[in-house]
Protein chains: 2
Amino acid sequence: MPLPETEIPGRLQAELMSRGLRMTRQRRTILSVVETAKQHLDASQLLRRARRLDPQIDRVTVYRTLGLLKRHGLIDELDLMHMQGEKHFYERRPQRDHIHMACLRCGKITEFESDLFDRLKGQIQRDCRFHIVVTRLEVGGYCAQCRTTDQPKD
Amino acid sequence: MPLPETEIPGRLQAELMSRGLRMTRQRRTILSVVETAKQHLDASQLLRRARRLDPQIDRVTVYRTLGLLKRHGLIDELDLMHMQGEKHFYERRPQRDHIHMACLRCGKITEFESDLFDRLKGQIQRDCRFHIVVTRLEVGGYCAQCRTTDQPKD
DNA sequence: TTAGGTGCAAATAGTTTGCCAGGAA
DNA sequence: TTCCTGGCAAACTATTTGCACCTAA
């Protein structure tokens with residue numbers, strides 16, 4: 001029983017190779033980390049995980065590979081409301097855009113797809129005659145648990 | 001003929017004083033710059049303008065005052081898709097949230113209010129049981145001029 | 001073979017912190 | 001008078017650049 005297409009490992013690799021880019025050992029490693037990540041990772045988390053697979057990998061190579069993926073529109077860069085400093089987080093670009101909700105109390109990140117969001121993007125393209133390349137909707141606030149609890153966090 | 005309420009200078013000052021905060025010469029200067037800005041300014045632009053009014057003002061004071069205004073929800077922090085490095089831009093928190101569209105070619109920032117956006121926020125609060133404090137919707141793409149032109153920028 | 005990629009060191013950008021003197025309430 | 005605030009210097013975090021060596025195609 002095959003995995004759904006979005007979970008086939010190596011998809012990012014295939015995308016980059018089909019664009020004529022060189023596939024190095026380091027890139028393969030970093031791409032596999034990005035692809036298998038279950039949460040949003042920042043550059044230093046990404047480096048740490050890549051080094052578990054290949055201890056030689058340099059921080060700079062991570063940044064350069066992230067830049068490459070960004071330029072090719074294969075990953076999206078998130079700020080997650082700058083709750084943890086000014087670092088950026090990365091995720092594979094999804095088929096359908098989603099919203100990121102960041103709880104200001106517990107720090108949990110929730111994703112949400114919405115038909116209204118899709119329609120809003122359509123309205124922007126039409127009414128503003130603006131050709132959308134990338135969107136980022138981040139919402140800060142309090143999640144269901146935190147807004148109904150008075151107990152201190154943790 | 002009085003100005004519309006949103007344009008009365010000193011409104012931010014009044015807000016901070018009503019919260020019992022000390023009003024210093026430096027804060028008054030920085031607040032007046034924030035209030036009269038016609039575009040989105042970053043910290044260093046803000047500093048430059050504040051120094052025209054009071055050459056003594058320190059960069060650190062600008063950051064501390066921006067932090068204060070953020071904590072009190074009186075200004076919003078924007079990334080504007082990180083088109084010009086990692087700096088942040090600031091604007092007075094509007095009555096009604098709006099979308100920021102950033103043209104990836106000419107750099108122009110356009111604002112857009114939308115009923116669909118208001119409804120989307122309502123949906124998030126309801127469906128996700130998430131209490132929204134702040135939202136940021138930034139869109140990168142090509143504006144009407146740039147997407148219909150082949151001439152190089154500038 | 002060779003253009004493109006990598007690692008290392010250093011530089012840069014933006015922002016924050018420590019500390020003491022100064023001024024608003 | 002009493003904290004809160006400001007200025008200066010230094011630290012810090014995240015990221016980028018320069019350059020010589022390396023390697024995928």
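Lettering of chains follows the sequences in order, A, B, ..., and the numbering in each one begins at 1. The structure presented is a predicted model; accordingly, all values stated were derived computationally and were not measured.
- Listed by first then second residue, pairs satisfying ring-ring contact (aromatic ring centres under 6.0 Å, His included) with a partner in residues 34-56 of chain B read B/His40-B/His100, not counting sequence neighbours.
- Whole-Å rounding puts the A/Asp54 CG to D/dT23 C1' distance at 14 Å.
- The nearest whole Å value for the distance from the CD1 atom in A/Ile30 to the C1' atom in C/dG5 is 11 Å.
- Residues forming a salt bridge (Lys or Arg N to Asp or Glu O under 4.0 Å) with B/Glu77 (at least two apart in sequence, or on another chain): B/Lys70.
- Per the geometry, CZ belonging to A/Arg27 stands 10 Å off P belonging to D/dA25, to the nearest Å.
- Computed from coordinates, the B/Arg28 CZ to D/dT5 C1' distance equals 13 Å when rounded to whole Å.
- Contacts of B/Lys108 classified as side chain to side chain contact (heavy atoms under 4.5 Å, CB included), with partners at least two apart in sequence or in another chain: B/Cys106, B/Thr110, B/Cys143, B/Gln145.
- To the nearest angstrom, P of C/dT15 lies 12 Å from CG of B/Leu47.
- Between B/Ile57 atom CD1 and D/dT5 atom P the separation is 15 Å, expressed in whole Å.
- In this structure B/His131 satisfies the ring pair (Phe, Tyr, Trp, His ring centres under 6.0 Å) test with no other residue, sequence neighbours excluded.
- Partners of A/Glu86 according to the side chain to side chain contact (heavy atoms under 4.5 Å, CB included) rule, which considers only residues two or more places apart in sequence or in another chain, are A/His82, B/His88.
- For DNA chain D, the neighbouring residues in residues 17-26 of chain A, judged by any heavy atom under 4.0 Å, are A/Arg22, A/Met23.
- By the ring pair (Phe, Tyr, Trp, His ring centres under 6.0 Å) test, B/His72 is found to be paired with no residue, residues two or more places apart in sequence or in another chain being considered.
- Salt bridge status for B/Lys87 with B/Asp79: absent, with no side-chain N to carboxylate O gap under 4.0 Å.
- Distance, B/Asp58 CG to C/dT17 P: 15 Å, rounded to whole Å.
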Kindly give the atom pairs (protein nitrogen or oxygen, nucleotide nitrogen or oxygen) under 3.5 Å for nucleotides 13-17 of chain D.
residue	atom	partner	partner atom	Å
D/dT15	OP1	A/His88	N	3.4
D/dT15	OP1	A/His88	ND1	2.9
D/dT15	OP2	A/Tyr63	OH	2.7

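- Here A/Thr61 does not reach the OP1 or OP2 of C/dT6: none of its side-chain N or O atoms lies under 4.0 Å away.
- Within the helix from C/dT1-D/dA25 to C/dA25-D/dT1, the inter-axis angle between the opening and closing five-pair segments is 40°, rounded to 10°.
- Judged as a salt bridge (Lys or Arg N to Asp or Glu O under 4.0 Å), and not counting sequence neighbours, the contacts of B/Arg96 are B/Glu113, B/Asp118.
- Atom CD in B/Glu91 sits 13.0 Å away from atom CG in B/Leu74 (nearest 0.5 Å).
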Would you be so kind as to tabulate the donor-acceptor pairs closer than 3.5 Å made by side chains of residues 20-33 of chain A, with sequence neighbours excluded?
residue	atom	partner	partner atom	Å
A/Thr24	OG1	A/Arg27	N	3.2
A/Arg25	NH1	A/Asp54	OD1	3.3
A/Arg25	NH1	A/Asp54	OD2	2.3
A/Arg27	NH1	A/Arg22	O	2.9
A/Thr29	OG1	A/Arg25	O	3.0
A/Ser32	OG	A/Thr29	O	2.8

Side chains of residues 119-130 of chain B: which donor-acceptor pairs under 3.5 Å do they make with residues two or more places apart or in other chains?
residue	atom	partner	partner atom	Å
B/Lys121	NZ	B/Asp97	OD2	2.9
B/Gln123	OE1	A/Ser114	OG	2.6
B/Gln125	OE1	B/Ile132	N	3.1

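- C/dT15 atom C1' lies 14 Å from atom NE2 of B/His82, rounded to whole Å.
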